[in-house]
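Chain A is the first sequence line, chain B the second, and so forth, proteins listed ahead of strands; every chain is numbered from 1. Values below: all heavy atoms of this structure, side chains included; hydrogens, waters and symmetry mates excluded. Keep in mind it's a predicted model, so treat the numbers as computed, not measured.
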2 protein chains.
Amino acid sequence: MIRTLLVEDQSMVLGALAALLDIEDDLRVVATARDGREALVMLEQHPVDIVVTDIEMPVMTGLELCAAIGRRHPEIRVVVLTTFARAGYLQRATEAGAHAYLLKDAPARSLADAIRSVRAGHRVIDPQLAAQARAEPDPLTHRERQVLRRAETGATTDQIAQALALSEGTVRNYLSSAIGKLGARNRAEAAGRARDKGWL
Amino acid sequence: MIRTLLVEDQSMVLGALAALLDIEDDLRVVATARDGREALVMLEQHPVDIVVTDIEMPVMTGLELCAAIGRRHPEIRVVVLTTFARAGYLQRATEAGAHAYLLKDAPARSLADAIRSVRAGHRVIDPQLAAQARAEPDPLTHRERQVLRRAETGATTDQIAQALALSEGTVRNYLSSAIGKLGARNRAEAAGRARDKGWL
DNA sequence: GTCGCGACATGACAGCTGTCATGGTCCGAT
DNA sequence: ATCGGACCATGACAGCTGTCATGTCGCGAC
């Protein structure tokens, strides 16, 4: 019996995924959580073999949870289940120690299959996405990412400068560099491309 | 036995929702579809009482599907199931003839409950979201929405002008007007606010 | 010790953005 | 017939954006 913790911030999707897995004879959803922090609490209370987690959640993201599990419960394996086929997310999931990276776009039965594979010691990662992640590493520096993230929301260069304790000219330099690296024509386009690739 | 068609572009979520509903004795998922167009084909082949549909799907959105069902199958009732608590989406769902507007953030069992309520002739819409939709109608004109949508992707005013067969000055006027209506400081912020409210 | 990169900064300049004033046309409501 | 709003346009101007040159500092690799 593979004991599984499900982590997903949308209650209905969480309940539905639990219903999907409960159909399987050899799998049992022993607990659920709506964010990474709640998940860590559940792990203190329930013996678990596999954690299935979404990425984008409030309080604590799935990737932060994955890293924390790697530190505190190295015997537990993590399946990341997300909407986004983004190489950058896969890079970060892999770095965080994930054993599988699954898309919600995959057939329903692939979730149970992936859980069994991971339990048996395999990694489950789409080879095409893995190749893309290798072919195109994140070109942004830490600061470029930070200023681009704020620019994406419409913050002006002056606002970004104040928020990050930088001069306005420095912010413009970072933005200009990021725009160039992404082959964009302005900050909006650059942010869109970075987000699409999971670099933001 | 309430016969239900499920429409959702993510296969795994589709399968999970089907598993969730199949637990109920009085509900049956008679077909599934991954976009609006496929759904209409299913409706020609299966007698259905209720359609449960996501909004954001390729090929044909859930709202377009809803409008088409209202025209072609007025006896079928539509439950919109979405991630977004956006008053603008609710407005458009209501205009398209939806009988329920549910969030994926609601408890899992509320989906079956909503299907039963709608089957019994009731509407299921969060009163708070409904009030918000009434209190804050979409302030954007059609053209303002069009130029803002393109600006959101990083298109320059010149590009938008060419794409929409307008002069650049006209585009700037529309953008400026939209920015003012949304109380934003630039196009990026305006687009973010409009999108958050479901007006884009 | 040297080199390269990231981080940070200043300054200059061209071009884009956003605002504003002004004005015309079309169409539906009154 | 009149009015108001949406749509469309031109022009002027202030300020923001993006590029580029130049430079310093810290740090890790060699």
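- A side-chain donor from one of B:Arg143 and B:Gln146 sits under 3.5 Å from a side-chain acceptor of the other.
- With a 4.5 Å cut-off on side-chain heavy atoms, B:Leu164 and B:Arg150 count as touching.
- C:dC16 atom C1' lies 14 Å from atom CD of A:Glu189, rounded to whole Å.
- Residues A:Leu140 and A:Leu182 have side chains in contact (heavy-atom distance under 4.5 Å, counting atoms from C-beta outward).
- B:Arg92 places a side-chain N or O within 3.5 Å of a backbone atom of B:Gly198 that can act as its donor or acceptor partner.
- Panel note: side chain B:Arg77, backbone B:Val118; a donor-acceptor pair is recorded below 3.5 Å.
- Between A:Arg185 atom CZ and D:dT19 atom P there is a gap of 11 Å when expressed in whole angstrom units.
- As judged by a 4.0 angstrom heavy-atom cut-off over every strand, A:Thr141 is placed among residues touching the sugar-phosphate backbone only.
- A:Asn186 places its CG atom 17 Å from the P atom of C:dG15, with the value rounded to the nearest Å.
- Not one N or O on the side chain of A:Arg187 forms a donor-acceptor pair closer than 3.5 Å with the backbone of A:Ala151.
- For the pair A:Leu148 CG and D:dT17 C1', the interatomic distance rounds to 14 Å; values are reported in whole Å.
- A heavy atom closer than 4.0 Å to some atom of DNA chain C occurs in B:Arg172, B:Asn173, these being the qualifying members of residues 165-175 of chain B.
- The closest donor-acceptor contact from the side chain of B:His99 to the backbone of B:Val78 lies under 3.5 Å.
- In this structure, B:Arg143 reaches the D:dC8 phosphate: one of its side-chain N or O atoms is under 4.0 Å from OP1 or OP2.
- Other residues, nucleotides and ligands contribute only 12 or fewer heavy atoms inside 6.0 Å of the CZ atom of B:Arg37.
- In the region residues 156-164 of chain A, proximity to DNA chain D at under 4.0 angstrom, judged on heavy atoms, holds for A:Thr156, A:Thr157.
- Here the C1' atom of nucleotide D:dC7 and the CD atom of B:Gln146 are 12 Å apart, to the nearest Å.
- In this structure, A:Tyr89 and A:Thr83 have side chains that are not in contact, with every pair of non-hydrogen atoms separated by 4.5 Å or more.
- Look at CG on B:Asp138: it is 12 Å from P on D:dA6, rounded to the nearest Å.
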